[in-house]
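Worksheet: the structure to be examined is printed underneath.
Because the structure is predicted, anything quoted here is derived from the model rather than measured.
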Amino acid sequence: MTGRGIAFVMVTALMLLLGLGTGTREIYFIVFCLGVLLVYAGLSAFLAAISLRCRQSLDSPYAVRGESVGLHVEVTGFLLLPVAVRLRVKLPAADLPGREPIYHYTLLPGGKRPRLSMQMACPHRGVWPVQVAQVRLFDIFGLFAFPLLRRNALHEMEESLTVYPQLYEIAGETPAPAILAEESSSQVIVADHGDNSSGTRQYRDGDSLKRIHWKQSIRTRQLHTRQYDMTTEQYNLLVMDTGVVPGADAAGYADMAAECAAALALYYLEEGQPVEVRGEGPYAELESARSYDEFTALYTLLAEIPVDDDAQPLELYELLRSRLGSLRSVHVITSRPTPDLLEGLRELAQRRCLVTCLCPDIPYTRQLKGSCPEDVHMALIYGPGDIPAQLGEYL
């Protein structure tokens, strides 16, 4: 029973006491009418609660940030008397400030029932549960309220909605190869594995006996291991930090970071340049693409990769040093840059590699930009709408 229903019962009881005290027949008649109304209200809401079922569906399980998606709720079952329905809907990003679950009200007349529909905004990229969390049935006077009492009445009442980052077109020319002087887009480096033998080196613990060069070993009376030529194709590296400082706006940063990475990946792939996207921080993921046709996998990664609080600084030293010979450009997207990170990026910039550090425009990053090495381009992005202009300035 609702608060209105309790007040109604109290008024009816007072009217009955007044009738008993005065013996006025008109008061008894009023009490009788109120009782009939109360029975009708309770019966209509209860019958609907034990007979109706609900099924939800989405227009599409995919959307782009800023768009809206239609949520539809189909009500089935026999309905004898009209009732009102309240749906409590958990929206995309409903756990964020200002995104509380909403309530949707509609009137169901007896007989044919309309399909309930509503549009849901998608303010942030990510994978979100969309759910009709609660259904309550009211009589038309609002005196009684019941949840659905039928078993499995909430059928398929949770779906997953993937919200992709927006795509922006960047104006600019793609950087030339960083280290190469040849027309080829690949270079040869010496490694412990590959296709063509390029020489030998002294044996190290752990080397496979299959790679020992026996003639050289016998001639020098020391074990030598074969080395090989390995061709490495240059590519563009996009590093997205998946951590933020505890208490920061993780959803806002995730939108900016994913949309920066998506715009850059599309920019390079349209020019036929390979791209590798790495998530670094609390969640480490990797996806690469060599052509525009393979962009979908990168785009999906940027939509689905989580972003969470992380008190540890972003550490890329080993990653960047291991790729010095094959990088054409490096773009690090983070909300928590450090002087050590910028110094590590400076080593790449000195090797004629285009290096940028993309950060939100906040007081800390504005202060750090003043001490950023000249070879490292540090771009401060106030919001996703600044992405085309800021990235185009350095490309």
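- Environment of OH in Tyr364: crowded, with over 12 heavy atoms of neighbouring residues, nucleotides or ligands closer than 6.0 Å.
- The shortest heavy-atom contact between Pro306 and Tyr283 is O-CD1, 3.5 Å.
- Outside the 6.0 Å centre-distance limit, the rings of Phe144 and Phe46 are not counted as a close aromatic pair.
- In this structure, Tyr253 contributes its side chain and Thr242 its backbone to no donor-acceptor pair below 3.5 Å.
- Side-chain atoms of Asp59 come within 3.5 Å of backbone N or O of Gly70 as a donor-acceptor pair.
- There is no path of hydrophobic side-chain contacts, each under 4.5 Å, that joins Val31 to Phe29.
- Shown here are the side-chain contact (heavy atoms from CB on, under 4.5 Å) partners of Leu20, two or more places apart in sequence or in another chain: Leu16, Tyr28.
- Looking only at distances, a side-chain donor or acceptor of Thr2 sits under 3.5 Å from a matching main-chain atom of Gly142.
- Heavy atoms only, all atoms of each residue included: Cys54 and Leu148 are closest at SG-CD1, 3.9 Å.
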Practice task
Report the C-alpha distance between Gln119 and Leu71 in whole Å, list the side-chain angles of each, state the deciding distance to 0.1 Å, and finish with yes or no for side-chain contact (heavy atoms from CB on, under 4.5 Å).
Solution key: CA-CA 6 Å; Gln119 291 293 318; Leu71 172 66; over 6 Å; no
Handout entry: Derivation of the side-chain contact (heavy atoms from CB on, under 4.5 Å) call for Val69 and Cys122
Key = CA-CA 8 Å; Val69 175; Cys122 303; 3.9 Å; yes
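- Val245 and Ile362 fall into different hydrophobic clusters, where Ile, Leu, Val, Met, Phe, Trp and Tyr residues are linked whenever their side-chain heavy atoms come under 4.5 Å apart, directly or through other members.
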Exercise for the section: Begin from the C-alpha positions of Val163 and His124 and carry the test side-chain contact (heavy atoms from CB on, under 4.5 Å) through to its verdict. Expected result: CA-CA 7 Å; Val163 180; His124 296 290; over 6 Å; no
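- Listed by first and then second residue, the salt bridge (charged side-chain N to carboxylate O under 4.0 Å, His left out) pairs that reach into residues 241-264 are Arg65-Glu259, Asp241-Arg336, sequence neighbours excluded.
- Put simply, SG on Cys260 and CD1 on Ile381 are 3.5 Å apart, with the number rounded to the nearest 0.5 Å.
- Of the inter-residue distances, the one linking Thr356 atom OG1 with Leu264 atom CG reads 6.5 Å to the nearest 0.5 angstrom.
- Defined by atom type and a distance below 3.5 Å, a donor-acceptor pair is missing between the side-chain atoms of Ser57 and His72.
- Screening residues 125-142 for salt bridge (charged side-chain N to carboxylate O under 4.0 Å, His left out), with sequence neighbours left out, gives no hits.
- Residues Tyr268 and Ser329 have side chains that bring a donor and an acceptor to within less than 3.5 angstrom of each other.
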Handout entry: Glu276 and Leu286: CA distance, side-chain angles, deciding distance, side-chain contact (heavy atoms from CB on, under 4.5 Å) verdict
Key = CA-CA 7 Å; Glu276 180 175 296; Leu286 169 65; 3.3 Å; yes
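- Using a 4.5 Å heavy-atom threshold, the side chains of Leu368 and Leu342 count as touching.
- Here the OG atom belonging to Ser68 is positioned 13.0 Å from the CE atom belonging to Met118, to the nearest 0.5 angstrom.
- Annotation for Tyr62: atom OH does not count as buried by contact number, only 12 or fewer foreign heavy atoms lying within 6.0 Å.
- Placement of Met10 and Met1 within a single hydrophobic cluster is found when ILVMFWY residues are connected by side-chain heavy-atom separations under 4.5 Å, directly or transitively.
- Here the shortest heavy-atom pairing between Pro282 and Asp309 reads CG-O, 4.2 Å.
- In this structure Asp308 satisfies the salt bridge (Lys or Arg N to Asp or Glu O under 4.0 Å) test with no other residue, sequence neighbours excluded.
- Of all non-hydrogen atoms in Pro165 and Val64, the two that sit nearest each other are O-CG1, 4.0 Å.
- Lys369 contributes a side-chain N or O that, together with a main-chain N or O of Met378, makes up a donor-acceptor pair within less than 3.5 Å.
- For Gln166, the side chain to side chain donor-acceptor pair (under 3.5 Å) criterion is met by Tyr168, not counting sequence neighbours.
- The backbone N or O of Val275 sits nowhere less than 3.5 Å from a side-chain atom of Ser288 that would complete a donor-acceptor pair.
- In this structure, the side chain of Tyr235 does not engage the main chain of Arg290 through any donor-acceptor pair within 3.5 Å.
- Side chain of Glu270 to backbone of Ala265: no donor-acceptor contact under 3.5 angstrom is found.
- Using the six-membered ring where Trp is involved, Tyr40 and Phe141 have ring planes that are perpendicular, over 60° apart on the 30 and 60° scheme.
- Counting only distance, with no hydrogens or angles, the side chain of Thr24 and the backbone of Ile27 share no donor-acceptor pair below 3.5 Å.
- With hydrogens and angles ignored, the 3.5 Å screen pairs a side-chain donor or acceptor of Thr365 with a backbone N or O of Pro360.
- Every residue two or more places apart in sequence or in another chain was checked for a side-chain contact (heavy atoms from CB on, under 4.5 Å) with Glu169, and none qualifies.
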